[in-house]
2 protein chains.
Amino acid sequence: MTDERTWSIAELADEFGVTLRTIRFYEEQGLLTPARNGTRRIFADGDRVRLGLVLRGKRLGFPLEEIKKIIGMYDAEPGEVGQLRYLVDQIEHRRAELEQRRRDIDATLSDLAELERRCRADLDRLTG
Amino acid sequence: MTDERTWSIAELADEFGVTLRTIRFYEEQGLLTPARNGTRRIFADGDRVRLGLVLRGKRLGFPLEEIKKIIGMYDAEPGEVGQLRYLVDQIEHRRAELEQRRRDIDATLSDLAELERRCRADLDRLTG
DNA sequence: ACTTACGTTAACGTAAACGTCAAGTAGCGG
DNA sequence: CCGCTACTTGACGTTTACGTTAACGTAAGT
């Protein structure tokens with residue numbers, strides 16, 4: 001059976017290390033769509049997962065608008081053939097983008113490694 | 001001999017696909033420090049490299065302030081032992097950050113691959 | 001001398017992603 | 001009923017990273 005547990009806004013904020021304002025803002029932007037009990041927001045497991053995806057996107061430096069599109073791809077209905085082709089196309093696009101990022105990261109890591117090597121050499125020289 | 005070629009602001013902007021305003025802004029923020037001929041900016045090879053580093057940092061989603069610190073590490077003087085230790089520390093910090101990013105990228109790529117697999121399966125089913 | 005190209009500073013405008021009050025509501029223990 | 005706690009919706013403020021005029025200088029081509 002599916003996990004029936006739910007969370008309050010404060011619980012989620014606490015768990016993910018964000019503020020209440022942030023979560024409300026994400027809902028306002030259509031990134032989250034929690035249920036309601038009266039006016040109170042009720043977060044189900046799916047909402048939790050989505051928040052995780054949003055924050056992962058943020059760590060990657062994507063703007064929220066981009067993140068929204070990416071997450072949107074996850075829960076798109078199969079729909080018709082044209083939509084599916086379009087979606088596959090989008091996926092390719094994102095993949096290329098991410099692979100470029102990984103190259104940038106690797107280049108930077110390589111630069112940092114070289115820098116660290118030089119630093120350690122200097123340290124060895126200075127401290128004997 | 002070192003490459004003595006220089007560039008105008010427009011040449012650099014063109015080469016890197018940014019606006020003049022962007023380059024001027026980067027100078028204002030201390031990310032670039034081109035020489036001058038009167039009021040005109042003269043960019044040497046080092047300035048070009050720095051601009052490349054700035055833009056790579058941007059592709060990675062770092063704010064300019066962070067980028068400034070990172071680039072600052074590249075051309076820090078060896079200096080004293082304490083500074084070197086601090087620098088090595090900083091490098092470690094950045095490295096950890098970047099490695100987290102790479103994990104996020106790999107996770108996302110994996111998600112996208114799974115998504116694409118499902119899309120292609122749907123397409124196969126629909127188109128025979 | 002006039003235009004065109006290329007450059008300059010100064011200053012105001014803008015969009016994103018929240019922070020930060022302010023003012024109100026809803027439930028619960030005492 | 002009182003006060004506390006957790007929650008709500010505005011609404012304005014803030015920072016970052018530039019865009020966008022405005023107003024001007026300079027040097028070359030015709």
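Letters go in sequence order (proteins before strands), and every chain restarts at 1. These figures come from a predicted structure and were not determined experimentally.
Residues passing the side chain to side chain donor-acceptor pair (under 3.5 Å) test with A/Arg21, sequence neighbours excluded: none. For A/Arg85, there are no side chain to side chain donor-acceptor pair (under 3.5 Å) partners at least two apart in sequence or on another chain. Every residue two or more places apart in sequence or in another chain was checked for a side chain to side chain donor-acceptor pair (under 3.5 Å) with B/Arg24, and none qualifies. A/Thr22 pairs by the side-chain contact (heavy atoms from CB on, under 4.5 Å) definition with A/Val18, A/Thr19, A/Tyr26, not counting sequence neighbours. Partners of A/Arg117 according to the salt bridge (charged side-chain N to carboxylate O under 4.0 Å, His left out) rule, which considers only residues two or more places apart in sequence or in another chain, are A/Glu114. When the salt bridge (charged side-chain N to carboxylate O under 4.0 Å, His left out) test is applied to A/Asp124, no partner is found at least two apart in sequence or on another chain. For B/Thr108, the side chain to side chain donor-acceptor pair (under 3.5 Å) test picks out A/Arg56, with sequence neighbours left out.
Between the CD atom of A/Glu11 and the C1' atom of D/dT5 there is a distance of 14 Å, given to the nearest Å. C/dG7 atom P lies 12 Å from atom CG of B/Asn37, rounded to whole Å. Rounding to whole angstrom units, NZ of residue B/Lys68 and P of D/dT15 are separated by 17 Å. The nearest whole Å value for the distance from the CH2 atom in A/Trp7 to the P atom in D/dC7 is 15 Å. The CD atom of B/Glu66 sits 10 Å away from the P atom of D/dA17 (whole-angstrom rounding). With rounding to whole Å, A/Ile23 atom CD1 is found 13 Å from D/dT9 atom P. Nucleotide D/dA17 holds its C1' atom 17 Å from the CZ atom of B/Arg59, rounded to whole Å. What separates CG of B/Leu51 from C1' of D/dA17 is a distance of 15 Å, to the nearest Å.
Rounded to 10 degrees, the angle separating the terminal helix axes of the helix from C/dA1-D/dT30 to C/dA15-D/dT16, each built from five base pairs, is 20°. Comparing the end axes of the helix from C/dA17-D/dT14 to C/dG30-D/dC1, each fitted to five base pairs by superposing C1' atoms of four pairs onto the next four, gives an inter-axis angle of 10° (nearest 10 degrees).
The side chain to side chain donor-acceptor pair (under 3.5 Å) pairs that include a residue from residues 29-40 of chain B are B/Glu27-B/Arg36, where partners are two or more places apart or lie in different chains.
Within the model, atoms CD1 of B/Ile105 and CG of A/Leu98 stand 5.5 Å from one another, a figure rounded to the nearest 0.5 Å. For the atom pair CD of B/Glu97 and CZ of A/Arg59, the computed distance is 11.5 Å after rounding to the nearest 0.5 Å.
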B/S/- contact track for nucleotides 9-23 of chain C, protein heavy atom under 4.0 Å: B-B-----BBBB---

Anything under 3.5 Å between a donor and an acceptor, one on a side chain of residues 86-96 of chain A, the other on a protein residue two or more places apart or in another chain? List them.
| from | atom 1 | to | atom 2 | distance (Å) |
| --- | --- | --- | --- | --- |
| A/Glu92 | OE2 | A/Arg95 | NH2 | 2.8 |
| A/Arg94 | NH1 | A/Glu66 | OE1 | 2.4 |
| A/Arg95 | NH2 | B/Glu116 | OE1 | 2.6 |

